[in-house]
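First up is the structure itself, then whatever we jot down about it.
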Amino acid sequence: MGVTSQRPIEEGVQRDFRRAMSYGDYLDLDTLLSAQHPLAQPPQHDELLFIVQHQTSELWFKLVLHELRSARELLRADELAAALKRLARVKHIQSTLTEQWSVLATLTPSEYAQFRDFLATSSGFQSYQYRAVEFLLGNKNADMVRVFDHDPAAQQMLESLLHEPSLYDEFIALLARRGLPVPAELVDRDWSKPHQPNDVLAQVIRSIYEDPEHHWDVYETCEELVDLEDNFQFWRFRHLKTVERIIGSARGTGGSSGVPFLRKALELTFFPELYAVRGQIAESGRSS
Ligand code: HEM
């Protein structure tokens, strides 16, 4: 009846890992847990938080990329239901990434100031995985590739993604294969350029929203993409507000104006027609 202070290890539980694979072996924990190298001298208690927050974000970016690449392939193969399953996972990862800012928000300006100079010119701006996620979603920018002159492997990865269709490009191509009147120039173009807002495509999207029953799976996909973009903006916003409470109006370690630079990113959109159509439907509802 009483609770004992120790839980005995059951008979069948594996204890001898001299010839069996352990948890640490499978996860290569020695590598993972020896990759934190605080630089501040004298050592500063809060630098480990800063490193772990970045490293965990990068691990989640890795999984987001894996899922988005797969979702893009599935769209190309007209396997919409499977693609939506991938996007559902991405949305949960985004929520985790956004919620995670609250941990870093416990870092005060004075605590950050104790190790900030040791970061020198390093900045999240140089995160090639973040840039890859942006490229995959359609925010193509050849200038960003040049930031990686020092890292040929990362540069090659970004260069390839720059020239490939984005997730949205593949969705547009799928709509065309469904027989919807998508302009030909959106289905075959220079993929290294970002998608430009297109009125005819907005009309196509509007026809989906006006008759969801006949277009249910693509209608659902439109909403999933809007969720994805919303979530991306929530992450950007929490980054901005966390940065603001830690460095205020100071410049970034990457050399930008800091908060004003980050604020400009909130004006970017990956899927312009999915937002344009909302205004159109709202306006038409008002006039009818
Ligand atoms: C004390 C914490 C942080 C501060 C003060 C900070 C500050 C900044 C600033 C000022 C920039 C603009 C570029 C620059 O001048 O450096 C930036 C960009 C960026 N940061 Fe952070 N950051 C922090 C934490 C993080 C974390 C934990 C991540 C997670 C990976 C991150 C990811 C990024 C990314 C991806 C960009 C590029 C954004 C874009 O190009 O729109 N940052 N950060």
Side-chain angles (χ1 to χ4, degrees), residues 32 35-40 44-66 68 90 93-148 150-151 154-155 157-158 161-162 194 228-270:
L32 187 67
Q36 293 71 42
H37 306 290
L39 291 178
Q44 298 299 330
H45 174 85
D46 301 295
E47 193 176 355
L48 186 60
L49 158 69
F50 185 79
I51 293 172
V52 168
Q53 180 97 18
H54 281 84
Q55 289 185 340
T56 49
S57 302
E58 289 291 341
L59 280 175
W60 285 123
F61 291 162
K62 180 168 184 165
L63 187 58
V64 167
L65 277 174
H66 181 65
L68 285 180
V90 171
I93 302 169
Q94 288 177 310
S95 300
T96 296
L97 276 164
T98 300
E99 185 49 41
Q100 184 171 307
W101 286 116
S102 62
V103 184
L104 192 64
T106 63
L107 184 73
T108 66
S110 34
E111 287 164 350
Y112 181 56
Q114 286 170 336
F115 59 86
R116 185 229 173 270
D117 284 351
F118 294 88
L119 309 177
T121 51
S122 69
S123 160
F125 187 72
Q126 298 132 26
S127 164
Y128 62 82
Q129 291 202 109
Y130 176 84
R131 217 48 79 193
V133 173
E134 286 216 314
F135 282 10
L136 258 172
L137 291 177
N139 184 19
K140 303 282 183 71
N141 183 343
D143 281 349
M144 294 296 182
V145 179
R146 291 199 209 113
V147 175
F148 299 92
H150 66 287
D151 183 347
Q155 193 167 50
M157 191 264 278
L158 285 173
L161 276 179
L162 185 75
L228 223 63
E229 173 154 342
D230 268 4
N231 285 350
F232 207 97
Q233 292 292 22
F234 296 151
W235 183 90
R236 282 182 175 141
F237 183 71
R238 287 294 303 273
H239 177 229
L240 183 156
K241 295 307 284 183
T242 310
V243 171
E244 192 173 41
R245 69 184 280 167
I246 297 174
I247 66 166
S249 59
R251 298 187 75 84
T253 48
S256 81
S257 57
V259 169
F261 175 75
L262 295 173
R263 195 170 284 128
K264 282 200 201 92
L266 295 176
E267 289 161 18
L268 297 171
T269 174
F270 297 119

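Whatever order the structure lists them in is the order used to number ligands and atoms, beginning at 1.
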If you scan protein heavy atoms around atom 30 (C) of ligand 1, the nearest is Ser57 CB, 3.5 Å
What one should report as the nearest heavy-atom pair of Ala132 and Leu65 is CB-CD2, 3.6 Å
In this structure, atom 9 (C) of ligand 1 is nearest to the protein heavy atom Leu262 CD1, 4.0 Å
Do me a favour and list the nearest non-hydrogen protein atom to atom 33 (C) of ligand 1 with residue, atom name and distance?
-> Gly124 CA, 3.5 Å
Between Gly254 and ligand 1, does any nitrogen or oxygen pair lie at a separation below 3.5 Å?
-> yes
For ligand 1, indicate whether the residue Phe125 contacts it via side chain, backbone, both or neither (heavy-atom separation under 4.0 Å).
-> both
Ligand-side contact atoms (ligand 1) for residue partner Val243, heavy atom cut-off under 4.0 Å = 4 (C), 6 (C), 7 (C), 22 (N)
Phe61 versus Val133, closest heavy-atom pair with distance = O-CG2, 4.4 Å
Between the CD atom in Gln233 and the OG1 atom in Thr98, the distance rounded to the nearest 0.5 Å is 10.5 Å
Enumerated ligand 1 atoms positioned under 4.0 Å from heavy atoms of Gln53 = 27 (C)
For Thr269 against Glu229, the heavy-atom pair lying closest together | OG1-OE2, 2.8 Å
Of the protein's non-hydrogen atoms, which lies at the shortest distance from atom 10 (C) of ligand 1, and what is that distance?
-> Gly252 CA, 3.4 Å
NZ of Lys241 to CH2 of Trp101, rounded to nearest 0.5 Å, is 14.0 Å
Glu134/Arg236 ion pair, N-O < 4.0 Å = yes
Atom OG1 of Thr56 and atom CD1 of Ile51: how far apart are they, to the nearest 0.5 Å?
-> 11.5 Å
Note: ligand 1 atoms sitting under 4.0 Å from heavy atoms of Ser123 are 13 (C), 14 (C), 16 (O)
Give the residue, atom name and distance (to 0.1 Å) of the protein heavy atom nearest atom 38 (C) of ligand 1.
-> Tyr130 CE2, 4.0 Å
Quick one: look at Val259 and ligand 1, take heavy-atom pairs under 4.0 Å, and tell me if it's side chain, backbone, both or neither.
-> neither
Distance from Leu136 atom CG to Leu162 atom CG, nearest 0.5 Å?
-> 11.5 Å
In this structure, are over 12 heavy atoms from other groups packed under 6.0 Å from Tyr128 atom OH?
-> no
Can you check whether Trp101 has an N/O within less than 3.5 Å of an N/O in ligand 1?
-> no
Distance from atom 1 (C) of ligand 1 to nearest protein heavy atom, with residue and atom | Phe50 CE1, 3.5 Å
In His239, the N, O or S atom nearest to atom 21 (Fe) of ligand 1 is which?
-> NE2
Taken in chain and number order and not counting sequence neighbours, the residues that satisfy side chain to side chain contact (heavy atoms under 4.5 Å, CB included) with Gln155 are Val145, Phe148, Asp149
Which of the atoms in ligand 1, numbered in the order shown and given with their element, are less than 4.0 Å from a heavy-atom of Gly258?
-> 10 (C)
How long is the span from the CE atom in Met144 to the CG atom in Asn139, to the nearest 0.5 Å?
-> 7.0 Å
Just go through Arg131, Met144, Glu111 and tell me whose heavy atom is the nearest to atom 40 (O) of ligand 1.
-> Arg131
Hey, what do you get for CZ (Phe115) to CG (Leu119), rounding to the nearest 0.5 Å?
-> 6.5 Å
To which protein heavy atom is atom 26 (C) of ligand 1 closest, and what is the distance rounded to 0.1 Å?
-> His54 NE2, 3.1 Å
Nitrogen or oxygen atoms of Ser256 and ligand 1 under 3.5 Å apart | yes
Near Ile246, which atoms of ligand 1 are under 4.0 Å from a heavy atom of that residue?
-> 1 (C)
